[in-house]
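Everything below concerns the one structure shown next.
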Amino acid sequence: MPGTPRWQLQSSPEPDSDGGYAKPSLEVFQRQLDRHARMPGLRLTNPGWLSTYRVNVRMAERFRVGRVFLAGDAAHIHSIAGGLGMNTGIQDGYNLGWKLALVVSGAAGEGLLDTYEEERLPVAAWTLKITNERLRAVREGARTAGVGTEAGFSSDLTTLGVGYGWSSLAWGGPAAGERAPDAPCRDALTGAPVRLFEVFAGPRFTLLGFGPESAAALARVSAACGELVETCLVDGGGAGLADPEGYAWRAYGMAGREGGGADGPGRAGRGGLVLVRPDNHVALTASVDRGAEVMDRLERLGR
């Protein structure tokens with residue numbers, strides 16, 4: 001286990017004299033180590049935990065029926081390869097949670113709840129597929145001396161590429177449905193460092209406006225949508241955020257539309273609007289003159 005003096009051993013269970021499987025014990029693991037590692041004199045001591053698990057791969061056909069919702073292990077279960085169970089369950093819970101909150105408060109219609117299954121069921125199916133593949137890679141890799149669970153590692157196990165491009169809540173723009181990227185910015189008035197993830201925190205939408213020409217749209221949306229949306233002006237010439245290095249502009253595709261800009265790195269063009277969902281996925285990317293569309297989308301949310 002990286003960063004600790006401990007090792008983790010996994011193996012297929014030993015058959016016992018009754019035709020079943022032996023319970024996990026230090027003695028059982030020592031025998032397996034002696035048989036397969038072939039390193040005489042290496043002794044196992046001080047076990048942190050001993051357990052038996054069975055790989056199950058199952059998924060519910062529906063995640064919502066009326067007032068009943070399934071999430072986490074109740075909705076899908078898979079091998080431990082990649083350790084995706086906890087992350088996937090948390091993502092289920094947050095996806096459902098912000099939608100339930102808006103419906104219960106009256107800020108959205110009940111139709112919003114249908115998007116929980118629409119978005120999360122395909123992600124669960126992908127999770128079953130990738131964990132099956134990674135478990136197979138571990139089993140094959142372990143046949144080679146010196147190879148362990150790292151044979152199952154791959155970059156997609158971070159799940160940072162998981163998005164909802166197919167969702168009815170992906171309202172337009174090249175990044176609709178994708179994770180909203182972070183970027184280091186500064187408070188435009190105090191100069192204090194602020195990350196975009198800090199701006200997104202909380203159970204409401206966030207509307208980013210890039211450039212001073214987006215300020216009017218942000219004001220109209222804020223007045224019309226109240227607590228449903230928080231607005232944030234980036235490089236608007238006043239309050240809000242400053243992006244002196246252009247990280248946020250580039251992360252959201254606002255940079256370099258018409259070549260270099262005299263007012264900073266990647267400031268060419270008029271800027272734009274980016275609507276970020278409460279679960280930090282992009283709902284809409286639009287030009288600065290489409291504030292009315294943002295208001296309309298939010299006012300008709302789930303209705």
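For clarity, every value in this text was computed on a predicted model and none was experimentally measured. Worth knowing before you read on, the calculation uses all heavy atoms, side chains too, and leaves out hydrogens, waters and symmetry mates.
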Strictly distance-based, threshold 3.5 Å: is any side-chain N or O of [X] a donor or acceptor partner for the main-chain N or O of [Y]?
{"X": "E293", "Y": "R290", "answer": "no"}
{"X": "D279", "Y": "N95", "answer": "no"}
{"X": "D187", "Y": "A192", "answer": "no"}
{"X": "D18", "Y": "G20", "answer": "no"}
{"X": "D243", "Y": "Y247", "answer": "yes"}
{"X": "E230", "Y": "L207", "answer": "no"}
{"X": "T115", "Y": "L112", "answer": "yes"}

Is any side-chain heavy atom of L9 closer than 4.5 Å to one of L44?
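Yes - at least one pair of side-chain heavy atoms lies under 4.5 Å apart.
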
Quickly, which of T159, L84, L135 forms a side-chain contact (heavy atoms from CB on, under 4.5 Å) with I130? Name it, please.
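Of all the options given, the one that passes is L84.
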
For a quick check under 3.5 Å, do D92 and H76 share a side-chain donor-acceptor pair by atom type?
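Yes, H76 and D92 have a side-chain donor paired with an acceptor closer than 3.5 Å.
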
Heavy-atom neighbours of Q8 CD exceed 12 at 6.0 Å
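Enclosed.
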
Is it the case that atom CZ in F197 sees more than 12 heavy atoms from other parts of the structure closer than 6.0 Å?
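Result for CZ/F197: enclosed.
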
Side-chain ion pair, K129 and E133, N-O less than 4.0 Å
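Yes, charged N to carboxylate O under 4.0 Å.
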
Hey, any chance V199 and L233 share a hydrophobic cluster, counting ILVMFWY side chains that come within less than 4.5 Å of each other, even indirectly?
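Shared cluster, no.
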
Could you walk me through whether R204 and E227 pass the salt bridge (Lys or Arg N to Asp or Glu O under 4.0 Å) test, one step at a time?
CA-CA 7 Å; R204 41 63 182 149; E227 296 182 358; over 6 Å; no

Using 30° and 60° as the class limits, which term best fits the ring planes of [X] and [Y]: parallel, tilted or perpendicular?
{"X": "F205", "Y": "W171", "value": "parallel"}
{"X": "Y164", "Y": "W166", "value": "perpendicular"}
{"X": "W249", "Y": "F210", "value": "perpendicular"}

Only one of E110, E119, E117 forms a salt bridge (charged side-chain N to carboxylate O under 4.0 Å, His left out) with R64, so which one is it?
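Option passing the salt bridge (charged side-chain N to carboxylate O under 4.0 Å, His left out) with R64: E110.
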
Under the salt bridge (Lys or Arg N to Asp or Glu O under 4.0 Å) rule, what do R136 and E140 come out as? Steps first, then yes or no, please.
CA-CA 6 Å; R136 176 189 53 77; E140 291 182 358; 3.4 Å; yes

Of all heavy-atom pairs between P24 and T52, which one has the smallest distance, and what is that distance?
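What the structure gives for the nearest pair is CD-OG1, 3.1 Å.
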
